[in-house]
Amino acid sequence: MHNAIYTATGCARCKITKRYMKENGIAYDEFDFKAEGKDAFAKFYRENRSAIFRDKEGVEFPVFTDGTTIRQGVSVIIGHLVSGTRLDGYIKRSVLHGEWIDGFDISGGDPADADELIGVLSYLQKSGLKIQMTTNGKNSSVLEKLLEKKIGHCLIMDVVGPAHLYSQMIGDEITPDDLARSIKLTARFDEYRFFTTISPVVREDESVSYLTPEEIGEAAKMIEAATGSKKHPYLLRTCDIESLSDLRLKSLEPLPPAALFKYRTAARRYQVMTELEK
């Protein structure tokens, strides 16, 4: 196995990745695409274009390969070096830049791998990065460990809907206790917020309709019941119908803006700081 890491001069996240590899005795060859590694990276990119993320700002560095696997971004690379593919559900590509880093879905992995996840997050935090995480309520035990170890600077919880639709909407089983515990723990982070997307759902009779204002009210009520407070930052979002994979759900027309105020009114009965996403 031959490890190579492609970097960019002045890239702070590249420095963190290289330091982790050195501290853990992981040998590698470095190619700085802004310096002597320009040609090597150009060749690597041509051969692996489909596996390398690039947006309007260019390629995200660092990029790592062991000759078989390609990983991109400091958190994804360190997660891979720690545990192969076991943390893939927890760690995705970050879209935040500078001192903030995101892409951590606390609901997305196996709680049995929580200690390895915490090791990665702890290393990134000690390296000066501010960590933003998300959850949909699953894996409350992992949230509790993060709080105990004071890891994470911001937690965003997607309260996907009312309790009776929750498992259906996330496509996985979740117990009422796990959901309530996650809501309560979310509010204990130094910086946090809740949101709900007004999404379409398939009803018991196979009809398709949006969550109703009353159901959004039920979701807001869950937050109050779990935390004992009506004063939490709570955002209501409209659904991007085109992004849905279920063709049944894509049959609906977008909600008109005027309809959203009924949802906000219903939610404010239980969360007075409810706002509509602009």
For this session: Answer yes or no: are there more than 12 heavy-atom neighbours, outside Glu173 itself, under 6.0 Å from its atom CD?
Result: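 No - once you tally the heavy atoms of other residues, nucleotides and ligands closer than 6.0 Å, there are 12 at most.
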
Exercise. Does NZ in Lys18 sit with more than 12 non-hydrogen atoms of other residues, nucleotides or ligands closer than 6.0 Å?
Worked result: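 Counting neighbours around NZ of Lys18, more than 12 heavy atoms of other residues, nucleotides or ligands fall under 6.0 Å, so yes.
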
Exercise. Stepwise, does the side-chain contact (heavy atoms from CB on, under 4.5 Å) test hold for Val160 with Thr197?
Worked result: CA-CA 7 Å; Val160 301; Thr197 301; over 6 Å; no

Exercise. Hey, do the aromatic rings of Phe41 and Phe61 have their centres closer than 6.0 Å?
Worked result: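 Yes.
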
Residues [X] and [Y]: side-chain donor-acceptor under 3.5 angstrom:
{"X": "His2", "Y": "Asp29", "answer": "yes"}
{"X": "Asp205", "Y": "Ser207", "answer": "yes"}
{"X": "Ser94", "Y": "Asp102", "answer": "yes"}

Counting N and O atoms only, with roles assigned by atom type, does the side chain of [X] sit under 3.5 Å from a partner on the main chain of [Y], one being a donor and the other an acceptor?
{"X": "Arg248", "Y": "Glu206", "value": "no"}
{"X": "Gln132", "Y": "His153", "value": "no"}
{"X": "Ser122", "Y": "Val120", "value": "no"}
{"X": "Thr69", "Y": "Thr65", "value": "no"}
{"X": "Ser182", "Y": "Leu179", "value": "no"}
{"X": "Thr85", "Y": "Asp88", "value": "no"}
{"X": "Ser167", "Y": "Ile174", "value": "yes"}

Problem set entry | Worked verdict on Glu36 versus Phe31 for side-chain contact (heavy atoms from CB on, under 4.5 Å) | CA-CA 7 Å; Glu36 74 287 345; Phe31 301 92; over 6 Å; no

Nearest-0.5 Å distance, [atom1] of residue [X] to [atom2] of residue [Y]:
{"X": "Tyr20", "Y": "Leu124", "atom1": "OH", "atom2": "CG", "result": "10.0 Å"}
{"X": "Lys145", "Y": "Ile106", "atom1": "NZ", "atom2": "CD1", "result": "12.0 Å"}
{"X": "Ile170", "Y": "Ser107", "atom1": "CD1", "atom2": "OG", "result": "7.5 Å"}

May I ask you to test the [X]-[Y] pair for a side-chain heavy-atom distance under 4.5 Å?
{"X": "Leu165", "Y": "Pro162", "answer": "yes"}
{"X": "Leu146", "Y": "Ile118", "answer": "yes"}
{"X": "Tyr210", "Y": "Leu255", "answer": "yes"}
{"X": "Asn139", "Y": "Tyr90", "answer": "yes"}
{"X": "Cys239", "Y": "Leu244", "answer": "yes"}
{"X": "Ile183", "Y": "Phe194", "answer": "yes"}

Are [X] and [Y] connected in the hydrophobic side-chain network, where two residues link if heavy atoms are under 4.5 Å apart?
{"X": "Ile91", "Y": "Val95", "answer": "no"}
{"X": "Ile198", "Y": "Leu235", "answer": "no"}
{"X": "Phe189", "Y": "Phe195", "answer": "no"}
{"X": "Leu276", "Y": "Ile216", "answer": "yes"}
{"X": "Leu236", "Y": "Tyr270", "answer": "no"}

Exercise. Does NZ or CZ of Arg71 come closer than 6.0 Å to the centre of the six-membered ring of Phe64, within 45° of the ring's axis?
Worked result: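 So Arg71 doesn't make the cation-pi contact.
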
Problem set entry | Non-neighbouring partners of Tyr263 that pass ring pair (Phe, Tyr, Trp, His ring centres under 6.0 Å), sequence neighbours left out |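 Partners of Tyr263 under the ring pair (Phe, Tyr, Trp, His ring centres under 6.0 Å) test: none.
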
For this session: Kindly write out the residues that satisfy salt bridge (Lys or Arg N to Asp or Glu O under 4.0 Å) with Glu214, not counting sequence neighbours, or none if the list is empty.
Result: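 Not a single residue meets the salt bridge (Lys or Arg N to Asp or Glu O under 4.0 Å) criterion with Glu214.
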
Problem set entry | Set of salt bridge (Lys or Arg N to Asp or Glu O under 4.0 Å) partners for Asp158, sequence neighbours left out |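 Asp158 satisfies salt bridge (Lys or Arg N to Asp or Glu O under 4.0 Å) with no other residue.
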
Show me the side-chain donor-acceptor pairs of residues 223-234 shorter than 3.5 Å, one per line, residues at least two apart or across chains.
residue, atom, partner, partner atom, Å
Glu224, OE2, Lys230, NZ, 3.3
Thr227, OG1, Ile223, O, 2.7
Thr227, OG1, Ser229, N, 3.3
Thr227, OG1, Ser229, O, 3.4
Thr227, OG1, His232, NE2, 2.8
Ser229, OG, Lys231, N, 3.0
Lys230, NZ, Arg269, O, 2.8
His232, ND1, Tyr192, OH, 2.7
Tyr234, OH, Thr196, OG1, 2.6

Measure across [X] and [Y] and return the closest heavy-atom pair with its distance rounded to 0.1 Å.
{"X": "Leu211", "Y": "Arg203", "answer": "CA-NH2, 3.9 Å"}
{"X": "Gln72", "Y": "Val59", "answer": "NE2-CG1, 3.6 Å"}
{"X": "Pro200", "Y": "Leu252", "answer": "CB-CD1, 3.4 Å"}
{"X": "Leu87", "Y": "Leu117", "answer": "CD2-N, 3.9 Å"}
{"X": "Cys154", "Y": "Arg193", "answer": "SG-NH1, 3.9 Å"}
{"X": "Met157", "Y": "Gly137", "answer": "CE-CA, 3.6 Å"}

For this session: Report the residue from Asp172, Asp178, Asp105 that forms a side chain to side chain donor-acceptor pair (under 3.5 Å) with Lys138.
Result: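 Going through Asp172, Asp178, Asp105 one by one, the side chain to side chain donor-acceptor pair (under 3.5 Å) with Lys138 is satisfied by Asp172 alone.
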
Problem set entry | Those residues that, when tested against Arg19, pass side chain to side chain contact (heavy atoms under 4.5 Å, CB included) (two or more places apart) |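 If we apply the side chain to side chain contact (heavy atoms under 4.5 Å, CB included) test to Arg19, skipping adjacent residues, the hits are Ile16, Glu23, Tyr123, Ser127.
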
Exercise. Any ion pair linking Arg268 and Glu275 (charged N to carboxylate O, less than 4.0 Å)?
Worked result: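 Judged by the 4.0 Å cut-off on N to carboxylate O distance, Glu275 and Arg268 do form a salt bridge.
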
Exercise. Are any of the side-chain nitrogens in Asp32 or Lys38 under 4.0 Å away from the carboxylate oxygens of its partner?
Worked result: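 No, Asp32 and Lys38 are not salt-bridged.
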
For this session: Using the salt bridge (Lys or Arg N to Asp or Glu O under 4.0 Å) rule, collect all pairs that involve residues 44-63, keeping only residues at least two apart or in two chains.
Result: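 Every salt bridge (Lys or Arg N to Asp or Glu O under 4.0 Å) pair that includes a residue of residues 44-63, provided the two are not neighbours, is Lys43-Glu47.
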
Exercise. What do the steps show when you test Phe33 against Tyr6 for ring pair (Phe, Tyr, Trp, His ring centres under 6.0 Å), and what is the final call?
Worked result: CA-CA 7 Å; Phe33 100 107; Tyr6 297 90; 9.8 Å; no

For this session: Verify side-chain contact (heavy atoms from CB on, under 4.5 Å) between Phe44 and Val63, making sure each step is shown before the conclusion.
Result: CA-CA 10 Å; Phe44 178 75; Val63 179; 3.8 Å; yes

For this session: Assess whether side-chain contact (heavy atoms from CB on, under 4.5 Å) is satisfied between Glu191 and Leu155, documenting all intermediate values.
Result: CA-CA 7 Å; Glu191 185 176 335; Leu155 179 64; over 6 Å; no

